[in-house]
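What follows is a single structure, written as structure tokens, with notes after it.
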Amino acid sequence: MNKCMELDLQEMLPDLLHRTLDSAARARVEAHVAECASCTEELKVLRTVASAAVFAPTIDVDRIVGHIAPYRPIAPVVQAPARSRVVSWLVAASMLVVIAGGGSLLMVQQRQPGARVAPTAVASHQVSTSSQSVAVKPPVTSVPVTRTLDQPIHTLALAPGVDGLSDGDLRQLMNDMDSFDALPTVEPEPVLSVDTGDNLDQGL
Amino acid sequence: MTPSPEIRPPTDTELIERWKAGDTRAATQLVGRHSQALARFAASSGEREGIEELVQDTFVRAFASLDSFRGESSLRTWLFTIERRLMLDRRRAERRSRETVPDEESDHVSEYGALDSLIAEEAQERVRRSLEALSPTQRDVFTLRVQQGLSYKEIAEILGTTEGAARVHYHNAIQTVKEFLRDE
Ligand SMILES: [Zn+2]
């Protein structure tokens, strides 16, 4: 079979088949096919292929339309109000203080009677400093935000570490933490900074 | 006598606007206009079952995101693009499930089980085998060009490739198909 020398016309054979050519182009292609054996053969092949796989299932139009949801214009993305983020952070900050308080009280609980309870700043806003006040649970959800903001920042630093806590106390602490809504993603910090706590302790 | 107004079918763009304005009959017209072409493309592309479901998913997705249809290509080209993406997703999911549950059939053969029933006649059987010999991309390009009559520009858009690459795929495909049909 001779190769076609008019490749731009051969390329239009599928368009000839689908009648998508304008009349001038169509006349040119038809005239070419009439004298080109390669294009005659190719057009025959294309006709066979085009008529082959037409046995696709009949589509139920109404069924499809029934699944189409009514038109809803794409709404612009609404940013969450800035205020709510501030509130979230205030809540998160208050939770930190609560955890500090909880940690401190649990620590107090661990101490032997008579042992000196070093940092009592926590107790100053929650319970009496008596070493017998071990039954007081840290307020989990009822600490008002405004009150939390009033706390001196070094209150956090007074919280002792959790090293001395028993397994049960740790579990209790973790359970309480689980119930918080707006915990920050970082670990609570009270147990980390101890320097300011020392200063305060000396001042007591 | 006044000349009767020219009666022409509404364009896709006009139907889309009508549907957006709440005319559900416009959706019916659009689906009726393009659904069979989508079904044919799926069958030619080797889908063996769930073609109706595939066509339905294509329309549901298309109508849900009609605002992103800019009208730069034809609606049908855009629908083919969505359908082809869904087919690729399906095949990927099938491949993954086959990896966990070993299957003796190869991808190639199982994909083409569809056409066994679709093309019954002996002459068409030869076409089926020639299409089976093509790579999936060659097959998509070839059937979109020959069975759907799309331009290389439209095909390139559907496949996310260039017109040049689509031409090369078509050229290789037609050579293979011709050889198959000539040999038998
Ligand atoms: Zn020629």
Side-chain angles (χ1 to χ4, degrees), chain A residues 1-22 25-26 29-30 32-33 36-77, chain B residues 19-22 24-25 27-32 35-44 47 51-52 55-60 62-68 114-115 117-121 123-124 126-128 130-131 142-143 145-152 167 170-171 174 177-178 181-182:
Chain A
M1 181 75 60
N2 291 331
K3 276 192 83 175
C4 176
M5 304 306 287
E6 300 272 6
L7 294 180
D8 56 329
L9 293 178
Q10 189 174 46
E11 198 175 76
M12 290 188 222
L13 292 178
D15 304 311
L16 179 71
L17 197 68
H18 287 273
R19 302 169 191 275
T20 51
L21 295 172
D22 61 45
R26 184 179 174 156
V29 176
E30 282 177 340
H32 170 72
V33 171
C36 174
S38 171
C39 283
T40 303
E41 187 215 4
E42 189 160 315
L43 189 60
K44 195 178 152 201
V45 167
L46 296 180
R47 281 209 177 94
T48 309
V49 173
S51 62
V54 292
F55 300 107
T58 306
I59 301 298
D60 183 346
V61 172
D62 289 334
R63 186 169 151 249
I64 290 179
V65 173
H67 281 85
I68 294 172
Y71 175 66
R72 274 209 319 267
I74 297 172
V77 179
Chain B
W19 178 72
K20 283 182 178 178
T24 51
R25 287 169 308 172
T28 306
Q29 277 180 277
L30 284 167
V31 173
S35 57
Q36 219 49 52
L38 291 174
R40 266 202 309 276
F41 175 49
S44 311
E47 286 301 308
I51 289 181
E52 262 206 273
V55 173
Q56 178 179 300
D57 288 352
T58 304
F59 278 111
V60 168
F63 274 92
S65 54
L66 262 182
D67 278 340
S68 66
L115 287 183
S117 56
L118 293 172
I119 305 175
E121 292 180 28
Q124 292 179 329
R126 285 185 287 153
V127 174
R128 183 192 72 82
S130 69
L131 293 181
F142 189 71
T143 55
R145 181 86 181 112
V146 178
Q147 290 175 337
Q148 306 284 350
L150 298 191
S151 68
Y152 286 117
R167 276 193 168 83
Y170 175 83
H171 178 78
I174 185 73
V177 171
K178 270 200 274 192
L181 296 185
R182 194 184 293 145

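- Heavy-atom pairs under 4.5 Å with chain A peak, among Phe59(B), Tyr170(B), Trp19(B), at Trp19(B).
- Note that CZ of Arg63(A) and CD of Glu52(B) are 5.0 Å apart. Values are rounded to the nearest 0.5 Å.
- When all heavy atoms of Thr24(B) and Val65(A) are compared, the pair lying nearest together is O-CG1, 4.5 Å.
- Here CD1 of Ile64(A) is found 6.0 Å from CD of Gln56(B). Values are rounded to the nearest 0.5 Å.
- The two residues Ala50(A) and Gln147(B) come nearest to each other via the heavy atoms CA-CG, 4.0 Å.
- Around NE2 of His18(A), the count of heavy atoms belonging to other residues, nucleotides or ligands within 6.0 Å exceeds 12.
- Atom CG of residue Leu7(A) and atom CZ of residue Arg167(B) lie 11.0 Å apart, to the nearest 0.5 angstrom.
- Ranked by non-hydrogen atom pairs under 4.5 Å with chain B, the options Val45(A), Thr20(A), Asp62(A) are led by Val45(A).
- Contact record, Leu17(A) with Val146(B): CD2-O, 4.2 Å, taken as the closest heavy-atom pair.
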Would you sort out whether Ile59(A) and Leu38(B) count as a side chain to side chain contact (heavy atoms under 4.5 Å, CB included), showing the intermediate values? CA-CA 10 Å; Ile59(A) 301 298; Leu38(B) 291 174; over 6 Å; no
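- The two residues Ala39(B) and Pro57(A) have their closest heavy-atom pair at CB-O, 4.0 Å.
- A distance of 4.5 Å separates CD1 in Ile174(B) from CG in Leu46(A), rounded to the nearest 0.5 Å.
- Separation of atoms CE (Met12(A)) and OG (Ser151(B)) is listed at 12.5 Å; rounding is to 0.5 Å.
- Residues Arg145(B) and Asp15(A) have side chains in contact (heavy-atom distance under 4.5 Å, counting atoms from C-beta outward).
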